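Source: prediction; values computed, not measured.
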Amino acid sequence: MSQRIKIKALLESEQTDIEVLVKGWVRTFRNNQFIALNDGSTNSNLQVVVDFENTDPALLKRITTGAAISASGTLVASLGKGQKVDLKAKVIEVLGDCDPETYPIQPKKHSLEFLRENAHLRFRTNTFGAIFRVRNSLAFAIHQFFQERGFVYLHTPIITASDAEGAGETFHVTNFDLANPPKDENGEIDFKEDFFGRPTNLTVSGQLEGELGAMALSDIYTFGPTFRAENSNTTRHLAEFWMIEPEMAFYDLNDNMDLAEALLKYVIKYALEKNVEDIEFLTQRLLDEEKQKPQQARSEMTLIEKLQFCLNNDFERLTYTEAIAILKESTPNKKKKFQYPVEGWGTDLQSEHERYLVEKHFKKPVILTDYPKQIKAFYMRQNETDMNGNETVRAMDILFPGIGEIVGGSQREERLDKLEQRMDEMGIPKEELWWYLDTRRFGACPHAGFGLGFERLVLFVTGMGNIRDVIPFPRFPKNAEF
RNA sequence: UCCUGAGUAGCUCAGCCGGUUAGAGCAUCUGACUGUUAAUCAGAGGGUCGCUGGUUCGAGCCCAGCCUCAGGAGCCA
């Protein structure tokens with residue numbers, strides 16, 4: 001009985017009349033008698049019943065919302081309706097007091113905005129407990145998926161000298177005294193004097209290094225933080241986010257799409273099975289939230305139904321060119337409802353267009369392929385010019401309802417001459433990427449890969465609306481408090 | 001970065017056409033009750049009205065600038 005048992009295990013055991021010891025944090029203390037105790041192992045609380053008539057009133061006063069306590073006693077069938085079992089406490093000890101006057105988390109509904117400002121304490125709410133348990137499961141499932149398939153988990157560098165695809169502002173990494181950096185004869189900052197002897201930044205993607213690994217290990221994946229210094233203020237962007245980037249030798253674009261779709265289904269299924277209670281709770285949370293909205297704005301499916309739908313249906317695959325044709329003929333386009341009317345071939349799709357395709361037209365995840373080459377990165381494999389003279393690349397984006405782009409990938413350009421030509425056209429410095437080009441010089445082969453935004457996945461599976469609520473300590477413009 | 005909206009008690013909000021002592025619910029505290037489930041009932045405390053400046057006899061309310069937050073857009077994952 002001296003061994004502490006987690007509440008999840010206790011509630012699952014369905015045993016009664018056993019002596020147990022539990023430890024956790026008080027959610028509410030009702031009637032001077034009933035403690036709702038949570039230890040984070042599950043969404044459910046354990047009801048601890050206090051014999052208040054035989055308990056020191058000074059101790060009762062210290063049982064407040066947020067206090068850490070240990071309780072031991074007998075697990076018995078509950079007399080109440082809300083739960084199957086109670087812990088009839090014999091001994092209660094307050095391990096850490098919690099002053100209710102100053103403790104920010106009150107036993108009442110809080111807005112997500114308020115909890116975001118109290119990110120250090122929001123783990124103690126049902127919603128965030130559920131979110132971070134689901135996040136954990138998804139992370140584990142991703143590793144399991146790749147490990148089962150013989151992929152090598154490759155750690156690509158956090159500090160790099162390149163900014164991968166010229167995509168996005170980078171965070172600079174320097175050891176200089178910013179008030180007084182060394183200057184060269186031209187008055188420019190002299191990075192030769194800096195720690196790495198050159199300008200460096202936090203990585204925006206591990207892809208290029210990932211390709212190097214794939215050119216020997218065959219199948220690799222990365223799973224780590226990436227950084228973008230974009231001044232993005234949206235519900236879908238973070239300055240620091242986690243990305244999964246598999247890279248596979250001898251894969252073409254179809255293999256790539258198959259893998260991405262299998263991965264997404266695998267990890268969603270895993271979370272659905274592993275986090276039943278959490279996802280049920282989040283489903284209910286979403287239903288309650290949507291009750292505030294007008295009928296029209298409510299979703300047709302509940303969260304669980306949405307996730308199951310995603311598992312049971314093939315993602316719709318079509319080319320950019322086909323998508324443009326659908327959009328051109330779409331009702332909103334003809335009625336001029338789009339803010340950006342769809343006219344010609346060659347421009348990038350706006351979020352309203354992606355949303356139309358995913359949420360209105362196909363009503364399921366969509367994989368768009370073969371984008372115009374001028375709107376995509378230099379390393380994507382070039383297609384033959386088609387009969388209309390359109391130049392495309394072997395790119396694919398997976399679009400999810402409510403999220404937009406969750407995966408972006410491509411078959412890579414393995415032909416050195418084509419790659420160099422494209423780099424010249426786009427002004428990518430070949431000298432700096434000599435090591436990348438070496439893979440095309442020595443034993444090049446067809447290969448492909450993609451990037452999956454981890455927080456966007458968590459967003460989808462939890463049904464949350466803001467990406468800042470699915471990462472423990474979000475980094476975004478003007479905020480790095482915790 | 002752009003557009004729109006917001007910032008008033010610990011939290012969520014109300015506050016009329018600029019007018020005298022700024023309100024409610026929840027939370028908290030005190031008491032009652034004691035098998036409760038967001039417990040209930042009674043009472044109490046709690047405010048630099050985001051910041052700076054301006055207009056006015058008088059500003060929570062009007063004006064300007066700034067800060068922060070939310071939603072949307074762009075960029076993207």
How many whole angstroms separate atom CD of A:Gln106 from atom P of B:G10?
10 Å
Under-4.0 Å side-chain N/O to phosphate OP1/OP2 contact, A:Arg27 with B:A38
no
Using a heavy-atom cut-off of under 4.0 Å over every strand shown, decide if A:Gln83 touches base, sugar-phosphate, or nothing.
base
Intra- and inter-strand pairing of RNA chain B, written as dot-bracket with Watson-Crick and G-U pairs under 3.5 Å and | for the latter, reads (((((((..((((.....[...)))).(((((.......))))).....(((((..]....))))))))))))....
Within the modelled atom types, does a donor on one side and an acceptor on the other bring the side chain of A:Lys88 and the base of B:G35 under 3.5 Å apart?
yes
What is the ring orientation for A:Phe140 with A:Tyr270, classed by angle as parallel under 30°, tilted 30 to 60°, or perpendicular over 60°?
tilted
Do A:His237 and B:C76 share a donor-acceptor pair, side chain to base, under 3.5 Å?
yes
Please confirm whether the shortest side-chain N or O distance from A:Ser351 to OP1 or OP2 of B:G74 is below 4.0 Å.
yes
Would you check if there is a donor-acceptor pair between the side chains of A:Gln207 and A:Glu211 at a distance under 3.5 Å?
yes
Would the A:Phe123 and A:Phe132 ring centres measure less than 6.0 Å apart?
yes
What's the CG-P distance between A:Leu115 and B:A70, to the nearest Å?
13 Å
When the distance from CZ of A:Arg122 to P of B:C11 is rounded to whole Å, what number comes out?
17 Å
Classify the side chain of A:Glu113 and the base of B:U68 as holding, or not holding, a donor-acceptor pair under 3.5 Å.
no
Return no unless some side-chain N or O of A:Asn31 is found under 4.0 Å from OP1 or OP2 of B:U36.
no
Check every strand shown and say whether A:Ile406 touches a base, only sugar-phosphate, or nothing at a heavy-atom separation below 4.0 Å.
sugar-phosphate
Taking only N and O in the side chain of A:Arg116, is any of them less than 4.0 Å away from OP1 or OP2 of B:A70?
yes
With rounding to the closest Å, how many angstrom separate the C1' atoms on B:U37 and B:C76?
45 Å
Please indicate whether A:Lys364 has more than 12 foreign heavy atoms, meaning atoms of other residues, nucleotides or ligands, lying under 6.0 Å from its NZ.
yes
Once you round it to whole Å, what is the distance between P of B:C33 and CZ of A:Phe34?
17 Å
Where the side chain of A:Arg468 is concerned, which of B:A70, B:G35, B:A77 is the nearest nucleotide?
B:A70
Hey, what's the ring geometry for A:Phe378 with A:Tyr436, parallel, tilted or perpendicular (30° and 60° as the breaks)?
perpendicular
For A:Asn233 and B:C76, give me the distance from atom CG to atom P, rounded to whole Å.
17 Å
Counting only side-chain nitrogens and oxygens, does A:Arg30 get under 4.0 Å of the OP1 or OP2 atom of B:A39?
yes
Between A:Arg355 and B:A73, does any side-chain N or O lie under 4.0 Å from OP1 or OP2?
yes
Examine the base of B:C76 for any acceptor or donor lying under 3.5 Å from a partner atom in the side chain of A:Arg456, and report the outcome as yes or no.
yes
At less than 3.5 Å, do the side-chain atoms of A:Gln47 and the base atoms of B:U36 form a donor-acceptor pair?
yes
Should the ring pair A:Phe482 and A:His120 be called parallel, tilted or perpendicular, given that the plane angle runs from 0 to 90° and is split at 30 and 60?
parallel
Remember a base hit wins even if backbone is also touched, and classify A:Thr234 as base, sugar-phosphate or nothing at under 4.0 Å, heavy atoms.
base
Classify the side chain of A:Ser232 and the base of B:C76 as holding, or not holding, a donor-acceptor pair under 3.5 Å.
no
Angle class for the A:His361/A:Tyr356 ring planes (parallel below 30°, perpendicular above 60°, tilted otherwise)?
tilted
With the 90 degree cut-off around zero defining syn, does B:C17 come out syn or anti?
syn
